[in-house]
Protein chains: 2
Amino acid sequence: MPSKQTPQRQPLSRTAIVSAAIDLADLDGVQGLSMRNLARRLGFEVMALYNHIANKNELLSMMVDTVAEQIDEPSGVEPLQAIRANAMSTRAVLIKHPWAAELWLKHLPGPARVAQMEFLLRAFDESGLSKDLAHHGFHAITNHVHGYTLQEQSMTLGSDPEEAEDAMHAFIASLSPNDHSHTIAHVHQHLDGSTSSSFELVLDLILDGLVRLDGQ
Amino acid sequence: MPSKQTPQRQPLSRTAIVSAAIDLADLDGVQGLSMRNLARRLGFEVMALYNHIANKNELLSMMVDTVAEQIDEPSGVEPLQAIRANAMSTRAVLIKHPWAAELWLKHLPGPARVAQMEFLLRAFDESGLSKDLAHHGFHAITNHVHGYTLQEQSMTLGSDPEEAEDAMHAFIASLSPNDHSHTIAHVHQHLDGSTSSSFELVLDLILDGLVRLDGQ
DNA sequence: ACCTGAACACCGTTCAAGT
DNA sequence: ACCTGAACACCGTTCAAGT
């Protein structure tokens, strides 16, 4: 009888490889993803992968772009509402795949990301903002979405929320109360959960600021 | 006569190691920095390093914190001006050491970064903004500084400005003009240099937005 | 106390060989 | 056309040995 060592052995293909890589990164983080690792999970030897993809870099690019396909492009709403909803959806996708925000930065956009860029830039174009403000607004919004999510994730890097809370307690315990009272108070605000969602507040602050600047 | 193979052989120390590592990262990027690499440059064998630092992770943390020591903490100005100047100085340091922004995210703050946090949080505290807005403002500003710089650097990853420009031309050449007219126009705005410095504009937009929200 | 050298357990990838 | 196996040139780090 054939051995049942390999959990699955679908025929190899670009999409099968990318999809398995995404699963693996969701489980172990992107640093737990090696070519040998991935091949084993698929039931093949390492070098079999190279018949379908050029190298690991290409694989990582495809992973981000595949994940970007999930981003909503809401239609039938005001441009500023479309921008806001698209930003929220991008953020949701980046949270769902915590490895994606970092790779998004390091890799050139593929088709799905280009489509998302085009959607967002069109919404800005139709928003009535001046050309210059639309340009800056695009960067302000994308920077906020990606920067905020990245910063947030870096604090809980590869750990459950419970571990993250312990890390915060350990961090403030290491500070001298005299010299660092504001920092300690700030971290306590996080632990108390007293601060509402900063992300949406700043998102709206930027959107409102753009509209106001344009009115001047 | 003793061979002069090793360019320098100062006695090894934590500071000497960190300083050499920073030089090496400035030259080749952080991915061109290996322990073997670094040891060779210092004129020692790899394992000599481990008498002074625990592991590579600790080294990277020390590198970021050393660089953070260069950030200005202006005194004798209005809190909002201090915040603005500190943000500009942080950005300047991150541009001077292009590898630092990424490591800043991935490593816990050391003494210098804690001092910078404390400075910024104190300025927000003294700014007259409400406690809640001060908290959100701190995140909005730091996210903008780091997110914007990171995004900017990712486009020119390890290449001179000239290569970066070629890459942008290649990128728009790969797009179908019909489906991606807004994206193409956006990239052209970058190439024309017609867009003024987005960084300061959005920085002020956020600061002004915070003040206005507080006034309501 | 500090440095060295061999070794271990990993990487991504090339290349020749199989079917 | 696709898969395999051995090999290469790297990693970070452990551990025993030297001074």
Side-chain angles (χ1 to χ4, degrees), chain A residues 2-25 27-64 99 102-103 106-108 157-158, chain B residues 2-25 27-64 99 102-103 106-108 157-158:
Chain A
S3 91
K4 249 309 197 133
Q5 306 264 33
T6 58
Q8 41 169 322
R9 172 122 185 183
Q10 252 84 320
L12 227 39
S13 70
R14 281 171 81 83
T15 59
I17 291 172
V18 172
S19 151
I22 289 174
D23 290 351
L24 225 155
L27 282 172
D28 303 339
V30 74
Q31 65 193 357
L33 172 68
S34 72
M35 297 300 276
R36 293 173 144 91
N37 227 344
L38 176 58
R40 194 175 337 118
R41 163 178 262 257
L42 287 160
F44 290 81
E45 297 303 313
V46 204
M47 292 315 298
L49 301 174
Y50 288 83
N51 286 307
H52 302 90
I53 58 170
N55 49 42
K56 190 179 185 180
N57 218 48
E58 189 190 70
L59 173 62
L60 295 173
S61 286
M62 292 177 71
M63 288 170 67
V64 202
W99 45 268
E102 190 191 334
L103 293 189
K106 298 202 218 183
H107 293 266
L108 283 177
L157 230 159
Chain B
S3 91
K4 252 299 197 142
Q5 305 263 34
T6 58
Q8 40 170 320
R9 172 123 185 183
Q10 253 84 320
L12 229 37
S13 69
R14 282 171 79 84
T15 59
I17 291 171
V18 172
S19 152
I22 289 173
D23 290 350
L24 225 154
L27 282 172
D28 303 338
V30 76
Q31 65 192 359
L33 172 67
S34 73
M35 298 299 276
R36 291 171 146 93
N37 227 342
L38 175 58
R40 194 174 336 117
R41 163 178 263 258
L42 286 160
F44 290 81
E45 298 302 314
V46 204
M47 293 315 297
L49 301 174
Y50 288 82
N51 286 307
H52 301 90
I53 59 169
N55 48 44
K56 191 179 186 180
N57 218 48
E58 189 190 69
L59 172 62
L60 295 173
S61 285
M62 292 176 72
M63 288 169 68
V64 202
W99 45 269
E102 189 191 334
L103 292 189
K106 298 203 217 179
H107 293 266
L108 282 177
L157 231 159

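Quick caveat, the model's predicted, so the values are computed rather than measured. Below, read A as the first sequence line, B as the second, and so on, with proteins coming before strands; counting in each chain starts at 1.
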What verdict does the side-chain contact (heavy atoms from CB on, under 4.5 Å) test give for B/D23 and B/R41, after you've listed the backbone C-alpha separation in whole Å, the side-chain angles of each residue and the deciding distance to 0.1 Å? CA-CA 10 Å; B/D23 290 350; B/R41 163 178 263 258; 3.9 Å; yes
Drop me the distance from B/M35's CE to B/R40's CZ, to the nearest 0.5 angstrom. 13.5 Å
By side-chain contact (heavy atoms from CB on, under 4.5 Å) - contacts of B/S34 (at least two apart): B/R36, B/N37
Whole angstrom value for the distance that separates P of D/dT4 from CG of A/L42: 11 Å
In this structure, how many angstroms lie between the P atom of C/dA1 and the CG atom of B/L49, rounded? 19 Å
For B/E45 and C/dT4, give me the distance from atom CD to atom P, rounded to whole Å. 5 Å
Which dot-bracket string fits DNA chain D when only Watson-Crick or G-U wobble pairs with both atom distances under 3.5 Å count, crossing pairs get [ ], and | stands for a partner on a different strand? ||.|||||...|||||.||
Whole-Å distance between D/dC2 P and A/R14 CZ? 12 Å
Mind checking side-chain contact (heavy atoms from CB on, under 4.5 Å) for B/V30 and listing every partner two or more places apart, or none if nothing turns up? B/L60, B/W99, B/L103
Let me have a per-nucleotide readout for nucleotides 12-19 of chain D, 5' to 3', with B, S or -, counting only protein heavy atoms under 4.0 Å. BBBB----
Please name all residues satisfying side-chain hydrogen bond (donor to acceptor under 3.5 Å, both in side chains) with B/S19, sequence neighbours left out, ordered by chain then number. none
d(CG, A/L12; C1', D/dC3) in whole Å: 9 Å
Listed by chain and number, what are the side-chain contact (heavy atoms from CB on, under 4.5 Å) partners of B/D28, not counting sequence neighbours? B/L24
Contacts under 3.5 angstrom, residues 44-55 of chain B side chains, donor-acceptor by atom type, not counting sequence neighbours:
{"unit_1": "B/H52", "atom_1": "NE2", "unit_2": "B/L12", "atom_2": "O", "d": "3.4"}
{"unit_1": "B/N55", "atom_1": "OD1", "unit_2": "B/N57", "atom_2": "N", "d": "3.3"}
{"unit_1": "B/N55", "atom_1": "OD1", "unit_2": "B/E58", "atom_2": "N", "d": "3.0"}

At under 4.0 Å, does any side-chain N or O of A/H52 touch on OP1 or OP2 of D/dA1? no
Nearest whole angstrom, please: distance from the P of D/dC10 to the CZ of B/R40. 9 Å
How long is the line joining CG of B/L38 and P of D/dC10, in whole Å? 17 Å
Atom of A/A16, atom of A/P11 and distance for their closest heavy-atom approach: CB-O, 4.3 Å
Distance from B/L42 atom CG to B/Q10 atom CD, nearest 0.5 Å? 9.0 Å
